[in-house]
There are 2 protein chains.
Amino acid sequence: MTFSKSFGYALRGILYISLLKDEPRKISIDEIAEKLSVPRHFLGKIMKAVVKAGILSSTRGLQGGFFINEKTLDTPLLTIILLTEGNNYFNTCLLSMRKCNSSNPCPLHNKVEEHKDGLLQIYGQTLVSDLLQDDKADFVKSLATVEAA
Amino acid sequence: MTFSKSFGYALRGILYISLLKDEPRKISIDEIAEKLSVPRHFLGKIMKAVVKAGILSSTRGLQGGFFINEKTLDTPLLTIILLTEGNNYFNTCLLSMRKCNSSNPCPLHNKVEEHKDGLLQIYGQTLVSDLLQDDKADFVKSLATVEAA
DNA sequence: TCAATAAAGGACATCGATATCCTTTTTATT
DNA sequence: AATAAAAAGGATATCGATGTCCTTTATTGA
């Protein structure tokens with residue numbers, strides 16, 4: 001039910017850049033980190049991986065920064081999950097047993113299988129573009145880390 | 001979708017002890033750790049917490065060990081989850097945002113809400129006794145850590 | 001009472017995720 | 001060419017989950 005912080009930072013960064021797709025400028029790590037209240041250097045590392053995976057593009061130097069490419073908006077959440085959580089996030093046995101699958105199920109396996117599949121469906125079908133919202137100011141606000149209520 | 005190793009060890013330990021409920025003897029950490037191929041001392045720490053929570057009982061000394069009590073078999077998985085994962089495992093925002101709930105949802109919140117609730121239902125309704133299986137030898141085997149295929 | 005046993009408790013070690021900092025490389029502008 | 005800006009890369013720090021070890025406490029049986 002939980003994702004790593006890396007996943008949260010990655011998706012929020014991608015959404016922030018996607019939201020500004022119509023602006024001519026590129027977006028720097030400094031800006032993203034500040035607007036989303038996310039640790040600057042850690043975010044840098046994560047965005048590097050996101051670019052390496054082809055989900056976003058970037059250029060160095062003056063006027064450089066991050067920007068969307070032809071894949072960005074059509075990227076399923078699942079791709080980002082697999083990038084940040086590792087390839088067997090959905091294969092991991094809930095009971096920390098190494099060998100557990102449908103033919104060799106742990107006591108919990110079948111009980112959760114259906115919902116696991118449901119989530120996989122959602123993550124596979126939901127694209128970055130599906131998460132964007134019209135009101136930019138509101139959306140940026142909703143992406144920023146805020147102290148718990 | 002993932003639980004800590006602590007949860008896996010706790011549940012498997014509880015199941016192992018529950019399985020042997022008809023034997024007159026009490027079960028030691030050494031036996032559980034060996035039969036389940038789980039780290040001995042770490043398991044000890046976890047079982048201590050399980051006993052403290054009242055899910056199991058134990059006595060020290062010669063002939064001592066762990067044994068089930070009136071609550072054990074009727075304990076819902078959710079109780080064990082909350083014990084090992086902390087009380088807000090199901091409240092954690094998937095995007096690592098501090099403030100996120102149904103009235104203030106993050107971009108992913110509503111997409112997964114339904115399945116989250118479904119899993120909560122399962123974990124709340126499934127009892128330790130529901131996971132026990134008739135064939136003891138087979139069941140113990142299915143509880144033991146095995147190298148990935 | 002004494003010895004053996006087993007959980008309880010606490011100190012410490014390790015490891016991976018998270019986070020920070022500094023250097024290198026690339027790019028645009030002057 | 002020189003400078004400034006920004007990502008890329010790499011070294012190190014921190015923290016919590018995991019794991020090990022040793023001591024203390026409780027219990028049984030001789």
### Query
Given the rule that I, L, V, M, F, W and Y join up when any side-chain heavy atoms are under 4.5 Å apart, are Phe67(A) and Val50(A) in one cluster?
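Different hydrophobic clusters.
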
Of all the nucleotides listed ([options]), which has the minimum atom distance to the side chain of [X]?
{"X": "Phe42(B)", "options": "dA19(C), dT20(D), dT20(C)", "result": "dT20(D)"}
{"X": "Ser6(B)", "options": "dA8(C), dT18(D), dA6(C)", "result": "dT18(D)"}
{"X": "Gln63(B)", "options": "dA7(D), dG29(D), dT18(C)", "result": "dG29(D)"}

For atom [atom1] of [X] and atom [atom2] of [N], their distance in whole Å:
{"X": "Met47(A)", "N": "dT18(C)", "atom1": "CE", "atom2": "P", "value": "16 Å"}
{"X": "Glu31(B)", "N": "dA6(C)", "atom1": "CD", "atom2": "C1'", "value": "13 Å"}
{"X": "Arg25(B)", "N": "dG29(D)", "atom1": "CZ", "atom2": "P", "value": "16 Å"}
{"X": "Phe66(B)", "N": "dA6(C)", "atom1": "CZ", "atom2": "C1'", "value": "9 Å"}
{"X": "Leu62(B)", "N": "dA26(D)", "atom1": "CG", "atom2": "P", "value": "16 Å"}
{"X": "Lys48(A)", "N": "dA19(C)", "atom1": "NZ", "atom2": "P", "value": "16 Å"}
{"X": "Glu85(B)", "N": "dG16(D)", "atom1": "CD", "atom2": "P", "value": "16 Å"}
{"X": "Arg60(A)", "N": "dT23(C)", "atom1": "CZ", "atom2": "P", "value": "17 Å"}

Donor-acceptor pair, [X] side chain versus [Y] backbone, under 3.5 Å?
{"X": "Lys26(A)", "Y": "Ser58(A)", "answer": "no"}
{"X": "Thr145(B)", "Y": "Ser37(B)", "answer": "yes"}
{"X": "Asp130(B)", "Y": "Leu127(B)", "answer": "yes"}

### Message
What contact category does Phe7(B) fall into here, base, sugar-phosphate, or nothing, at under 4.0 angstrom with non-hydrogen atoms?
### Response
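It contacts nothing in the nucleic acid.
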
### Message
Taking any heavy-atom pair under 4.0 Å as a contact, classify Leu43(A): base, sugar-phosphate, or nothing.
### Response
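No contact.
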
### Query
Below 4.0 angstrom from OP1 or OP2 of dT18(C), is there any side-chain N or O of Tyr9(A)?
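Negative; the distance criterion is not met.
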
### Message
Using OP1 and OP2 only, check whether a side-chain N or O of Ser58(A) sits under 4.0 Å from dA8(D).
### Response
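For dA8(D), OP1/OP2 do have a side-chain N/O of Ser58(A) under 4.0 Å.
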
### Message
Check Glu31(B) with Arg25(B), please: is the shortest side-chain N to carboxylate O separation under 4.0 Å?
### Response
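Yes.
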
### Task
Check if the side chain of Lys45(A) and the base of dG9(D) share a donor-acceptor pair of N or O atoms closer than 3.5 Å.
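Per atom types, no contact qualifies.
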
### Message
Go nucleotide by nucleotide along DNA chain C from the 5' end; which of Gly61(A) and Arg40(A) gets its closest nucleotide reached first?
### Response
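By nearest-heavy-atom nucleotide position, the 5'-most residue is Arg40(A).
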
### Message
Reading DNA chain C from 5' onward, which residue's closest nucleotide shows up sooner: His41(A) or Lys5(A)?
### Response
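Nearer the 5' end of the strand: Lys5(A).
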
